[in-house]
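The block underneath contains the structure these notes are about, expressed in structure tokens.
Counting convention: from 1, in listed order, for ligands and their atoms alike. The residues of the chain are indexed from 1 along the displayed sequence.
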Amino acid sequence: AAKAAGKNRVQFFSPALLQLDDRAAAEAELRAAVADGQLVLAYQPVVSAVDGRCTAVEALVRWHHPVRGLLGPDEFLGLAEETGAVLELGEWVLRSACADAAGWDDGSTPVALHVNASPVQLAHPQFVDLVRAALAGTGLAADRLVVEVTETTVLDSPAVSATLDELVGLGVGVALDDFGTGYSALTTLRSLPIGIVKIDKSFVAGALTRTADAAVVEAIVQMAGRLGLATVAEGVESAEQEAFLRMAGITALQGFRYLRPAPVAEFGRWLAGNRRP
Ligand code: C2E
Ligand code: CA
Ligand code: CA
Ligand code: CA
């Protein structure tokens, strides 16, 4: 009865608190989804600009919601980050993706596994332990894993910088995601142990029609090359975009042109026909 009274008070006098109430419910639902196996991973390949073969694969999370259907990360990651539920979600993603990737070994050239890490995960003091445990638990070699981070203020913190150094010490790679859209891009490249720069898909989308976007892509590729970093273009959809990117000197390509993010079995079949000997 006390709870009902509380609800009424909230409904009639405080819309903001009612929203909080809804958010609490959504958070509980998300945490339950992780525990109940409602999350799934989609896999999208990264292919070499030189020979078109698969060099890496990115794991992308989805939520099979029992009522709302299949949800993309943009529909639930914000809430997951604000509530901290992204810690459980991220742990599930890391373990599941490492387990899948360990199963793709067949004696041919290994494919690197890229996993996205939210700033909330990176700032968590146990993140390196979590990565170590996921590798040990699945048998995936550390040099097969790449953690994708985005440019946020979190990257400026000494603790996160130390975390990235520790990961690299283990043999894990670090990629800077959505490059060009964040802030302080150039200092980030200099101060953190980044090995791969992923050029945001907005620049790729505009590269053929907007000279400014083309110039940004060319400048990033040249600068990354001088810093000894590999470059991946995201969101490649057409042969014309691919041709431009290769001419610009890009290292690798990712996008619908090669494969849309696919369930693990479908990606496995694609990989069988597209891997390096
Ligand atoms: P992202 O890391 O930049 O991932 C690339 C996004 O571009 C994916 O969207 C992918 O489906 C989409 N994409 C791939 N190729 C193309 C293309 O050719 N054209 C276009 N228009 N789009 C393409 P998705 O799967 O909806 O993921 C959105 C974002 O959610 C990701 O952006 C990433 O920031 C985040 N995310 C996804 N999975 C995870 C995860 O497990 N953990 C965390 N922390 N974030 C994740
Ligand atoms: Ca990414
Ligand atoms: Ca990206
Ligand atoms: Ca993104």
Side-chain angles (χ1 to χ4, degrees), residues 30 33-34 38-47 56-64 70-101 112-124 127 130-131 134 145-152 154-155 160 173-182 185 194 196-208 217 220 231-242 244-245 250 252-264 266-267 270:
L30 182 53
V34 180
Q38 292 173 17
L39 298 184
V40 288
L41 291 175
Y43 290 98
Q44 187 179 41
V46 175
V47 305
V57 56
E58 179 172 2
L60 296 158
V61 70
R62 276 97 182 85
W63 179 3
H64 269 294
L70 188 65
L71 304 179
D74 293 338
E75 293 171 272
F76 58 86
L77 271 181
L79 180 78
E81 291 189 339
E82 287 163 32
T83 57
V86 75
L87 291 173
E88 282 110 297
L89 180 147
E91 178 170 2
W92 179 86
V93 167
L94 195 59
R95 287 181 181 277
S96 307
C98 287
D100 284 341
L113 169 69
H114 288 219
V115 174
N116 294 284
S118 112
V120 177
Q121 288 177 274
L122 284 180
H124 192 274
F127 184 65
L130 187 72
V131 170
L145 181 65
V146 174
V147 172
E148 296 197 2
V149 305
T150 47
E151 295 178 283
T152 60
V154 166
L155 288 188
V160 168
V174 179
L176 193 54
D177 207 353
D178 302 340
F179 191 73
T181 60
I194 310 276
I196 302 170
V197 169
K198 298 191 75 171
I199 301 176
D200 190 69
K201 56 180 178 286
S202 60
F203 300 112
V204 174
L208 299 177
V217 171
I220 293 174
T231 45
V232 177
E234 307 185 311
V236 183
E237 297 184 355
S238 72
E240 292 77 13
Q241 288 170 342
E242 179 185 308
F244 165 78
L245 291 160
I250 199 91
L253 307 146
Q254 180 179 0
F256 295 167
R257 171 161 169 74
Y258 312 101
L259 188 71
R260 286 183 180 253
V264 59
E266 186 187 339
F267 172 73
W270 179 92

Is there at least one pair of N or O atoms, one from Arg257 and one from ligand 1, spaced under 3.5 Å apart? no

Sub-4.0 Å atoms of ligand 1 with respect to non-hydrogen atoms of Pro261: 11 (O)

Could you grab the protein N, O or S atoms closer than 3.0 Å to the Ca ion (ligand 2) for me? Glu58 OE2, Asn116 OD1, Glu148 OE1, Asp177 OD2

Near Glu237 (heavy-atom distance under 4.0 Å), the atoms of ligand 1 are 17 (C), 18 (O), 19 (N), 20 (C), 21 (N)

Pair Glu237-Tyr258, side-chain donor/acceptor within less than 3.5 Å: no

Using the rule given for side-chain contact (heavy atoms from CB on, under 4.5 Å), can you reason through Gln254 versus Lys201, listing the C-alpha separation, both sets of side-chain angles and the distance that settles it, and then say yes or no? CA-CA 9 Å; Gln254 180 179 0; Lys201 56 180 178 286; over 6 Å; no

Under the side chain to side chain donor-acceptor pair (under 3.5 Å) test, residues paired with Gln38 that sit two or more places apart: Trp63

Which heavy atom in Glu81 sits nearest to a heavy atom in Pro119, and how many Å separate them? OE2-CD, 3.8 Å

Heavy-atom donor-acceptor pair, Ser96 side chain to Val93 backbone, under 3.5 Å: no

Between Glu58, Lys198, Glu75, Lys201, which one has a non-hydrogen atom sitting closest to atom 6 (C) of ligand 1? Lys201

Under 4.0 Å from a heavy atom of Gly255: which atoms of ligand 1 are those, numbered in the order shown and with their elements? 15 (N), 18 (O)

Regarding atom 43 (C) of ligand 1: of the candidates Asn116, Leu41, Val93, Val149, which has the closest heavy atom? Asn116

With atoms numbered from 1 as shown, which atoms in ligand 1 lie under 4.0 angstrom from a non-hydrogen atom of Gly235? 16 (C), 17 (C), 18 (O), 19 (N)

Heavy-atom proximity to atom 2 (O) of ligand 1, picking from Asp177, Val61, Val236, points to Asp177

So does Glu58 pair up with Lys198, basic N to acidic O under 4.0 Å? yes

As a check for students: among Pro73, Ala80, Ala205, identify the option with a heavy atom nearest to atom 30 (O) of ligand 1. Pro73

Side-chain donor/acceptor of Gln44 to backbone N/O of Leu259, under 3.5 Å: yes

With heavy atoms of Ser118 as the reference, note each atom of ligand 1 found under 4.0 Å away. 44 (N)

If every non-hydrogen atom of Ala97 is compared with every non-hydrogen atom of Tyr43, which pair is closest and at what distance? CA-OH, 3.3 Å

Please check whether Val86 reaches ligand 1 - meaning an N/O of the residue sits under 3.5 Å from an N/O of the ligand, judged on distance alone. no

Test Thr150 against Leu176 for side-chain contact (heavy atoms from CB on, under 4.5 Å), laying out the working first. CA-CA 6 Å; Thr150 47; Leu176 193 54; 6.0 Å; no

Numbered atoms and elements of ligand 1 in range of Gln44, under 4.0 angstrom, heavy atoms: 14 (C), 15 (N)

Would you kindly specify which portion of Arg62 sits under 4.0 Å from ligand 1, judged on non-hydrogen atoms: side chain, backbone, both or neither? side chain

According to salt bridge (charged side-chain N to carboxylate O under 4.0 Å, His left out), who are the partners of Glu82, at least two apart in sequence or on a separate chain? Arg23

So which heavy atom on Arg62 is nearest to which on Pro73, and how close? NH1-CD, 3.4 Å

Heavy-atom pair of closest approach, residues Asn116 and Ala59: ND2-O, 3.4 Å

For ligand 1, find out whether one of its N or O atoms is nearer than 3.5 Å to an N or O atom of Glu81. no

Identify, with sequence neighbours excluded, every residue that meets side-chain contact (heavy atoms from CB on, under 4.5 Å) alongside Val34. Leu39, Glu88, Leu89, Trp92

Closest contact, heavy atoms only, Val204 versus Gln241: O-NE2, 3.5 Å

With heavy atoms of Asp178 as the reference, note each atom of ligand 1 found under 4.0 Å away. 3 (O)

Just heavy atoms, cut-off under 4.0 Å: does Asp200 contact ligand 1 by side chain, backbone, both, or neither? neither

